[in-house]
Amino acid sequence: MYNSTKAIHTPFQRRDVYDALQMPVYHTMAYEFDNADVMADAFCGRSDAPDYSRVLNPTVTHFEQRIVNLTGAKEVSAYSSGMAAISAIILSTASAGKNIISSRHLFGNTFLLLTQTLSRFNVEARLTDLTNPENVKKLVDKNTCCIFLESVSNPQTEVADVRQLAKIAHDNGIPLIADTTMIPFTQFDASKVGIDFQVVSTTKYVSGGATSLGGVIIDYGNFPDISKRIKKDSVFNFGAYMTPHVAYMQTIGLETLQVRYDRQASSALYIARLLEKTPGVKKVGYPGLESHPHYQLFKDIYGDKAGAMLTFDLADEAKCFKFINALKMIHRATNLFDNRSLAIHPASTIFGPLSPEQRKTMDIEDTTIRLSIGLEDPEDIYADLAQAIDSAINN
Ligand SMILES: *Cc1c(COP(=O)(O)O)cnc(C)c1O
């Protein structure tokens, strides 16, 4: 079966008592048992019967099962946000005295988690240029517990060769963890390119147009000790399991993921090509453009469709602010892969609280605008961009 079919046809774990077609929202915290024996079995993990909704809920399990079906993973665990999923995989992998190799080009809160939060627990972040595997080889030592990368960094749109990084990780007996939020898991075979644990903010593409916050760890089963900790430590003890109503919305989101992604990615390419020719635009960052430095690498790993996030640069920050203020249809908002198009000036917003030095090390430029292309007609989106750019450079 193809992914677009699987996304819709994944059987329920048990036949629904009313034969509901859509997985119902089991908005219940506890579950009753027929007798003490089955109760003991459920609590001790000898059966898959749910006991308490912080650790197991049928609606959440069904959402997880659909992603298992789509990815061929061994296990999927759903969390209340992308950051909860990232924290859970890192805390299931690292311990005091260990180090993590990653990049300076990271999602803002992931950067702070690795460099600030974890340093209080004596876990060191070794940040380097992951596009150069020699750097990584030099940094790995006996205390390295994982390599962590993002499939396409935001907003730099950098693409590192995950296959080379996986080889280095596996030669050293450690996992490669990839935050692949930018490219849906339906678009490429993560285990084939060597990813051991995929983490995804399902808030973005999966939720179905910014309906809810969520995150998943997609575990390919290559590191059983870490897998055990994901469920036992993170889901049970941290308490950041996805809630049933969110799982319901995100399951519906999964059903339309493929059609939304195809539309948004083709509109993004159309707009990126036009922006390259638009007066006043200094450069465009989109891995689907032939001019992007990682165009071929992106295509080899993630396929033909390069997602719905792109960036472009104007001459200076003042022009970026004028552009943002001149938008008429596109919304001034953060977030990615909403159904509506969004624009933001990352340096003054998402990365605004960081120091200028921190922004510099992360290559966050004052001149960059980030766009998330929605489901509107691409000609309408470009028309709004063109008038706002024109207004910014001529006023
Ligand atoms: C949004 C995002 C996150 C964080 O996800 P939340 O669901 O907001 O917690 C992490 N990584 C990437 C690449 C993201 O885009």
Side-chain angles (χ1 to χ4, degrees), residues 60 63 67 76-91 100 102-115 117-118 125 127 130 148-160 162 177-185 187-188 190 195 197-218 234 238-243 246-247 249-250 253-254 257 261 264-265 268 285-287 298 302 306-311 333-338 342-344 346 349-351 353 362-364 368 370-374:
V60 182
F63 174 65
I67 300 177
V76 169
S77 300
Y79 295 85
S80 57
S81 69
M83 281 318 301
I86 293 169
S87 304
I89 185 61
I90 296 289
L91 292 168
I100 296 172
S102 191
S103 164
R104 282 186 193 84
H105 297 164
L106 287 174
F107 181 74
N109 290 109
T110 306
F111 178 80
L112 295 172
L113 172 74
L114 296 185
T115 56
T117 314
L118 289 176
L127 306 184
L130 294 181
F148 182 97
L149 95 155
E150 293 181 3
S151 51
V152 179
S153 77
N154 157 18
Q156 306 87 357
T157 73
E158 174 186 279
V159 184
V162 51
I177 303 173
D179 176 342
T180 59
T181 300
M182 289 295 154
I183 307 298
F185 41 72
Q187 294 299 307
F188 67 104
I195 296 172
F197 298 95
Q198 223 177 336
V199 274
V200 177
S201 166
T202 58
T203 313
K204 312 291 167 53
Y205 280 117
V206 175
S207 74
T211 65
S212 47
L213 275 171
V216 290
I217 298 177
I218 304 173
S234 80
F238 302 154
Y241 191 48
M242 184 176 274
T243 56
V246 167
M249 287 190 283
Q250 301 219 347
L254 270 181
L257 174 62
Y261 184 72
Q264 287 176 279
Y286 185 63
F298 179 92
Y302 303 106
M309 183 194 80
L310 58 95
T311 64
T334 189
N335 201 13
L336 293 166
F337 321 128
D338 195 319
L342 311 174
I344 193 163
T349 54
I350 304 168
F351 298 95
M362 296 176 81
D363 294 315
I364 305 297
T368 305
R370 185 185 85 185
L371 299 176
S372 173
I373 302 302

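Atoms within each ligand, like the ligands themselves, are counted from 1 in listed order. Position 1 is the first residue of the sequence; numbering continues from there.
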Open item on the list: So, using side chain to side chain contact (heavy atoms under 4.5 Å, CB included) as the criterion, who are the partners of S207 when residues are at least two apart?
Closed with: T211, S212, Q250
- [ ] Would you confirm whether S102, through its side chain, and F148, through its main-chain N or O, come within 3.5 Å as a donor-acceptor pair?
- [x] yes
Task: Qualifying residues under side chain to side chain contact (heavy atoms under 4.5 Å, CB included), relative to A88, sequence neighbours excluded - done: Y79, I217, S234
TODO: Just say parallel, tilted or perpendicular for the rings of F337 and Y205, cut-offs at 30° and 60°.
DONE: parallel
- [ ] Decide yes or no for M182 and L336: does some side-chain heavy atom of the first lie under 4.5 Å from some side-chain heavy atom of the second?
- [x] yes
Contacts table for ligand 1: protein N or O within a distance under 3.5 Å of ligand N or O, distances only.
{"residue": "ligand 1", "atom": "5 (O)", "partner": "S201", "partner atom": "OG", "Å": "3.0"}
{"residue": "ligand 1", "atom": "7 (O)", "partner": "G82", "partner atom": "N", "Å": "2.8"}
{"residue": "ligand 1", "atom": "7 (O)", "partner": "S201", "partner atom": "OG", "Å": "2.8"}
{"residue": "ligand 1", "atom": "7 (O)", "partner": "T203", "partner atom": "OG1", "Å": "2.6"}
{"residue": "ligand 1", "atom": "9 (O)", "partner": "G82", "partner atom": "N", "Å": "3.1"}
{"residue": "ligand 1", "atom": "9 (O)", "partner": "M83", "partner atom": "N", "Å": "2.8"}
{"residue": "ligand 1", "atom": "11 (N)", "partner": "D179", "partner atom": "OD2", "Å": "2.7"}
{"residue": "ligand 1", "atom": "15 (O)", "partner": "K204", "partner atom": "NZ", "Å": "2.7"}

- [ ] Could you tell me which residues satisfy salt bridge (Lys or Arg N to Asp or Glu O under 4.0 Å) with D179, sequence neighbours excluded, listed by chain and number?
- [x] none
